[in-house]
Amino acid sequence: MCNTKNIKLTEIIVEVICFLYALLFIYAATSKLNGFQQFKDQLDQSTLLVGYGHWAAWLVPLSELVLALLLLIRPYRLFALYGSLGLMSLFSAYIIVVLNYSDHIPCSCGGVISSMGWETHLVFNICWMGLALIGIVLMGNQKKSTSKNTT
């Protein structure tokens with residue numbers, strides 16, 4: 001009985017994490033696409049993305065939308081959580097490199113997120129990375145306990 005409650009709680013936590021990530025990615029992608037020209041111009045100003053701003057301007061929101069969709073489809077959730085962790089890690093690495101090695105720091109984030117300072121944004125990303133890790137661990141534990149119960 002207790003094990004069933006733990007499995008149900010784990011499922012709910014993973015559902016909430018995936019739903020929150022999907023909301024975040026849909027919001028971020030929509031903000032970037034609504035202000036696409038400004039987003040692209042800001043990426044073009046980045047010394048790290050010289051020559052790749054146009055590609056990144058399409059690839060980032062597209063990746064966010066694909067991950068949001070996959071997070072909402074149960075069989076793809078674990079894959080999508082790994083993808084979300086990877087994307088947030090890339091965003092965080094970008095922030096770290098820009099903060100330490102760039103003279104010009106354009107903010108190419110969309111919506112409310114663009115009003116954050118760079119350090120706050122980094123903490124924000126790290127918190128989201130933590131959520132992805134929690135979801136990944138819980139899904140792994142859930143698979144282990146399900147396989148133990150079937151044997």
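This structure is a prediction, so every number in the text was calculated from the model and none was measured. Index from 1, following the sequence.
Sorted by first and then second residue, the salt bridge (Lys or Arg N to Asp or Glu O under 4.0 Å) pairs with a member in residues 66-78 read Glu15-Arg74, Glu15-Arg77; sequence neighbours excluded. Among residue pairs with one or both ends in residues 55-64, those qualifying as salt bridge (Lys or Arg N to Asp or Glu O under 4.0 Å) are Lys32-Glu64; sequence neighbours excluded.
Leu70 places a side-chain heavy atom less than 4.5 Å from the side chain of Phe79. Side-chain contact check for Ile13 versus Ile17: some heavy-atom pair is nearer than 4.5 Å. Proximity of Trp128 to Leu20: side-chain heavy atoms (C-beta onward) are separated by under 4.5 Å at one or more points. Between Ser92 and Leu122 the shortest side-chain heavy-atom distance falls below 4.5 Å. The shortest distance between side-chain heavy atoms of Leu69 and Tyr76 does not fall below 4.5 Å.
Cluster partners of Trp55, using a side-chain heavy-atom cutoff of under 4.5 Å among ILVMFWY residues and allowing indirect links: none.
In this structure, CZ on Phe91 lies 3.5 Å from CG on Leu87, to the nearest 0.5 angstrom.
Checked by atom type and distance alone, the side chain of Tyr82 never pairs as donor or acceptor with a backbone atom of Ile136 at under 3.5 Å.
Phe36 CZ: more than 12 foreign heavy atoms inside a 6.0 Å radius.
Side-chain contact annotation: Gln45 with Asp41, donor-acceptor N/O pair under 3.5 Å absent.
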Carefully, step by step, assess Glu119 and Leu99 under the rule side chain to side chain contact (heavy atoms under 4.5 Å, CB included).
CA-CA 9 Å; Glu119 290 81 8; Leu99 282 174; 4.2 Å; yes
